[in-house]
Amino acid sequence: MIRPVAAALLAAGLLSIQARANDSAAELDAGGLVLRREPGIALASEDLSIASDRIGVSYLFRNQGQEPRTVRIAFPLPPIDGRELSFSALALPQPESPNFVGFTVTVDGKPLAPELEERAFVGEREVTDLLRRHDLPLNPLRFDAIKAAEKRIGTAAWAELVKAGLFPESEGMTDRMTEGLWRSEAKFHWLQTFPPGQDVRIAHSYAPVNGFHFLDLKDASREGYRATYCLDEAGLTAIRRLQAKAADPSGHLRATVVPYIVTTARNWAAPIGRFTLTVDKGSPEAVVSFCRTGIRKTGPTTFRWEARDYVPDQDLRVLIVQPGSGPAGTR
């Protein structure tokens, strides 16, 4: 449970991504990548920056041992669940590319080409092979590819996919319902050597996945909503001002949630020596709220949160509310 601490900040800009995660050590087994602990390598520092068009992270790793260590580094993208997102306004930044977020990596300033592992599930049941057998994408947000495959799939095969829980039932309807209901899990990964006693700087960035949901003062005032984003009275007052100026006659505002997974950093040795989060705002009227203490405004468009010897005990969820309505999305 996210603790209701920290404040709502004014004037933050639009940020719109699905959850992202810290780098972690991993290993390959018969079922794919499995994250694991790597106690010999410390994460000396992490600098995370969030902006409307690009997310960037820079890590400084340090091998604490006496011998070189080669480990597999994994950056897991949290699941994209079609059951939650199929009716939302989400879109992939690069829908035609396997690397749908334009993920890039550098090691000590030199570019590196990571591998990508994708798998698909309905509940705990893996459906990767079933989707591939019917030439369906593993990511349920690849809408064009799903529609193209649907035209090729016969009636009996489509019934099999519906029975397997991949698509909604459309009994009594003339058209098939093509909203993918499976969950996609993707991880970028590569082998990395850490020389003894040396620092290795790994940096990566990617484009956000855009998505919004409607928000009004009634929804924002709900206890559960406020607790999730630590939305305090100052934040509600700011949302009330935005609603008064909303162009939408219903008074709905455009809200974006930016989750970021930091707890995977616990797979490295010791705490994160220094952690810095910088949120770069867009609209000066917007409102942002998230559950951290000691947040500082560092410029006209930036807010910063810093920690030393940081042991992540909860993941980050940033709420950004902007004037004006937008396409509907999920909370």
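As the structure is a prediction and not an experimental result, all values here were calculated from the model. Sequential numbering from 1 along the given sequence is applied to the chain's residues.
By the side-chain hydrogen bond (donor to acceptor under 3.5 Å, both in side chains) test, Thr193 pairs with Thr70, sequence neighbours left out. Listed by chain and residue number, Asp199 satisfy the salt bridge (charged side-chain N to carboxylate O under 4.0 Å, His left out) test with Arg62 (two or more places apart in sequence, or in another chain). Residues satisfying the ring pair (Phe, Tyr, Trp, His ring centres under 6.0 Å) test with Phe167, not counting sequence neighbours, are Trp158, Trp182. Residues meeting the salt bridge (charged side-chain N to carboxylate O under 4.0 Å, His left out) test with Glu233, sequence neighbours left out: Arg226. Arg240 pairs by the side chain to side chain contact (heavy atoms under 4.5 Å, CB included) definition with Leu217, Thr237, not counting sequence neighbours. In this view, Arg274 and Ser45, Asp47, Thr276, Arg308 satisfy the side chain to side chain contact (heavy atoms under 4.5 Å, CB included) rule, not counting sequence neighbours. Scanning for side chain to side chain contact (heavy atoms under 4.5 Å, CB included) contacts around Lys151 gives an empty result, with sequence neighbours left out. For Asp135, the side chain to side chain contact (heavy atoms under 4.5 Å, CB included) partners are Arg152, not counting sequence neighbours. Under the salt bridge (charged side-chain N to carboxylate O under 4.0 Å, His left out) criterion, Lys245 pairs with Glu285, not counting sequence neighbours. Qualifying salt bridge (charged side-chain N to carboxylate O under 4.0 Å, His left out) partners for Arg304, counting only residues two or more places apart in sequence or in other chains: none.
The aromatic ring centroids of Trp305 and Tyr310 lie less than 6.0 Å from each other. Ring-centre distance between Tyr206 and Phe75: below the 6.0 Å cut-off.
When hydrophobic residues (I, L, V, M, F, W, Y) are linked wherever their side-chain heavy atoms come within less than 4.5 Å, Leu191 remains an isolated member.
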Please tabulate, for side-chain N and O atoms in residues 106-115, each donor-acceptor pair with protein atoms closer than 3.5 Å (sequence neighbours left out).
from	atom 1	to	atom 2	distance (Å)
Asp108	OD1	Arg201	N	2.9

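With respect to Glu185 and Arg119, no salt bridge is recorded, no charged nitrogen being found less than 4.0 Å from a carboxylate O. Between Arg222 and Asp219 there is a salt bridge, since at least one side-chain N of the basic residue sits less than 4.0 Å from a carboxylate O of the acidic one.
Distance check, rounded to the nearest 0.5 Å: CD1 of Ile146 to OG1 of Thr178 gives 7.0 Å. Between the CG atom of Leu215 and the CD1 atom of Ile320 there is a distance of 12.0 Å, given to the nearest 0.5 Å. The CH2 atom of Trp268 lies 11.5 Å from the CD atom of Glu46; values are rounded to the nearest 0.5 Å. Atom CZ in Phe61 sits 5.0 Å away from atom CD1 in Ile202 (nearest 0.5 Å).
Looking at Phe103 and Leu116, their side chains never come closer than 4.5 Å, going by heavy atoms from C-beta outward.
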Worked verdict on Ser49 versus Thr278 for side chain to side chain donor-acceptor pair (under 3.5 Å): CA-CA 5 Å; Ser49 62; Thr278 300; over 6 Å; no
